[in-house]
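Encoded as structure tokens, the structure appears first; notes follow it.
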Amino acid sequence: MSLAWDPERYLAYADERGRPFLDLVGRIAAVDPQVVVDLGCGPGNLTSLLADRWPAAAITGVDSSDAMIRAASDSSAAERVVFHRADLRDWLATVGPGRVDVLVSNATLQWLPEHLDLVPALVGAVKPGGWLAFQVPGNHDQPSHTLRAELAAQAPYAAHTAGVAAPHAHDATTYLRALQALGCEVDAWETTYLHVLVGEDPVFTWVSGTGARPTLQALPDDLRPAFEDELKARLRRAYPDDGRGVVLPFRRVFVVARTSVRD
Ligand SMILES: C[S@@+](CC[C@H](N)C(=O)[O-])C[C@H]1O[C@@H](n2cnc3c(N)ncnc32)[C@H](O)[C@@H]1O
């Protein structure tokens, strides 16, 4: 079964999901880059901010999802960004060394369990003195993830959900050390955002657009409603609404690396 992203559902919290991108890109000091690439560009709304920042650059958004690339290509971002459907690992294998001035990947690498092994290829794609910037969630130990995993491991769901993709990331120091070892200057940090979400079961709506998506899609139609109802109930208990909105603390890990000019 192929796992599909739903751009509309993902964009339900576009503002909250966009802020880390701005915080990430704000630490890239490139002045006049020529080639800028966004790996895992999703629906392209954030990639277009790269075109605002560097209007003279050739900007490419790469994503493996048909639905995301279709949404991006149909959006106004396509006037300034070339969108390209590819697995980022294939893109890295073919881009050639030192081709990119600024390489960005926001909220994507956590979907590749082996992404620490990709760090040399990510750095290798960047020109000497260029920039690699990525952000990954650092909240996989939080109820928004653990409640889904616990429920999915129970009967009758476990038979369908065993082995489904689950996001995974490392702490900031791990990335910092890996990039230093490749000669980069590294700026790494963490931020916990307190998102105030409103509406019915807003934490469920949030996770169903990202981390819980593979689990929900792995369940057969006759089991999914009961799973969703139980997950919503557990999430309501973990993230209560006192009438002022539900607070979802969301820790994120940021890494901005400048590649070595010596080569
Ligand atoms: C959480 S979304 C982030 C989208 C966008 N960067 C943003 O910040 O809004 C993750 C994106 O990564 C893409 N993705 C996941 N694995 C990928 C891979 N191996 N190669 C390319 N894109 C991938 C998904 O299709 C999805 O659009």
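Note on residues 41-59: pairs passing salt bridge (charged side-chain N to carboxylate O under 4.0 Å, His left out), not counting sequence neighbours, are Asp52-Arg80. Residue pairs that meet the side chain to side chain donor-acceptor pair (under 3.5 Å) test with at least one member in residues 228-238, sequence neighbours left out, are Asp201-Arg236, Glu230-Arg234.
The two residues Ala30 and Val102 make their nearest non-hydrogen contact at CB-CG2, 3.7 Å. In terms of heavy-atom proximity, Asp63 sits nearest to Cys41 at OD2-N, 3.3 Å. Summarising the geometry of Gly44 relative to Ala77, their closest heavy-atom pair is O-CB, 3.6 Å, with the distance given to 0.1 Å. Heavy-atom minimum distance, Ser48 versus Val81: CA-CG2, 4.4 Å. Nearest heavy atoms, Leu46 versus Gly18: CD2-CA, 3.7 Å. Here the closest heavy-atom approach between residue Ala153 and residue Ala158 is recorded as O-CB, 3.4 Å.
Legend: residues meeting side-chain hydrogen bond (donor to acceptor under 3.5 Å, both in side chains) with Glu114, ordered by chain and number and at least two apart, are Arg89. By the ring pair (Phe, Tyr, Trp, His ring centres under 6.0 Å) test, His168 is found to be paired with His170, residues two or more places apart in sequence or in another chain being considered. Every residue meeting the side-chain hydrogen bond (donor to acceptor under 3.5 Å, both in side chains) condition with Asp221, not counting sequence neighbours, appears here in chain and number order: Arg224. Phe254 pairs by the ring pair (Phe, Tyr, Trp, His ring centres under 6.0 Å) definition with Trp189, not counting sequence neighbours. Contacts of His160 classified as side-chain hydrogen bond (donor to acceptor under 3.5 Å, both in side chains), with partners at least two apart in sequence or in another chain: none. Shown here are the side chain to side chain contact (heavy atoms under 4.5 Å, CB included) partners of Ala93, two or more places apart in sequence or in another chain: there are none. With sequence neighbours excluded, the residues satisfying side chain to side chain contact (heavy atoms under 4.5 Å, CB included) with Ala166 are Arg148. The ring pair (Phe, Tyr, Trp, His ring centres under 6.0 Å) test applied to Trp91 returns no partner, not counting sequence neighbours. Every ring pair (Phe, Tyr, Trp, His ring centres under 6.0 Å) that Trp206 has, sequence neighbours left out, goes to Tyr13, His195, Phe250.
Looking at heavy atoms from C-beta onward, Val119 lies in side-chain contact with Leu182 at the 4.5 angstrom threshold. Val126 places none of its side-chain heavy atoms less than 4.5 Å from the side chain of Arg99. In this structure, Leu88 and Leu112 have side chains that are in contact, with non-hydrogen atoms separated by less than 4.5 Å. Residues Ile59 and Asp38 form no side-chain contact, since every pair of their non-hydrogen atoms from C-beta on lies 4.5 Å or further apart. Residues Leu92 and Leu122 meet the side-chain proximity criterion, which asks for heavy atoms closer than 4.5 Å. Within the 4.5 Å cutoff, the side chain of Leu39 has no heavy atoms near those of the Thr108 side chain. Contact check for Leu223 versus Pro156: side-chain heavy atoms found under the 4.5 Å cut-off.
Once rounded to the nearest 0.5 Å, the distance linking NE2 of His84 with OG of Ser73 reads 11.5 Å. Atoms OG1 and CG, from Thr210 and Asp6 in turn, are 11.5 Å apart once rounded to the nearest 0.5 Å. Rounded to the nearest 0.5 angstrom, Thr146 OG1 and Asn139 CG are separated by 10.0 Å. Considering CZ of Arg85 and CD1 of Ile69, their distance stands at 8.5 Å, rounded to 0.5 Å. The line from CZ of Phe227 to CG of Leu231 is 5.5 Å long, rounded to the nearest 0.5 Å. Expressed to the nearest 0.5 Å, how far CG of Leu151 lies from OH of Tyr157 amounts to 5.5 Å.
More than 12 heavy atoms of other residues, nucleotides or ligands lie within 6.0 Å of CD in Glu190, so this atom counts as buried by the packing criterion. Counting heavy atoms of neighbouring residues, nucleotides and ligands inside a 6.0 Å radius, atom CD of Glu185 does not exceed 12 of them. With a 6.0 Å radius and a threshold of 12 heavy atoms from other residues, nucleotides or ligands, Asp15 has its CG atom at or below the threshold.
When only modelled atom types and interatomic distance are considered, Asp23 and Tyr193 share a side-chain donor-acceptor pair under 3.5 Å. A donor and an acceptor atom, one from each side chain of Asn106 and Gln135, are located under 3.5 Å apart.
Taking Ile, Leu, Val, Met, Phe, Trp and Tyr as hydrophobic and joining them when side-chain heavy atoms fall under 4.5 Å apart, one finds Leu194 in a cluster with Val247.
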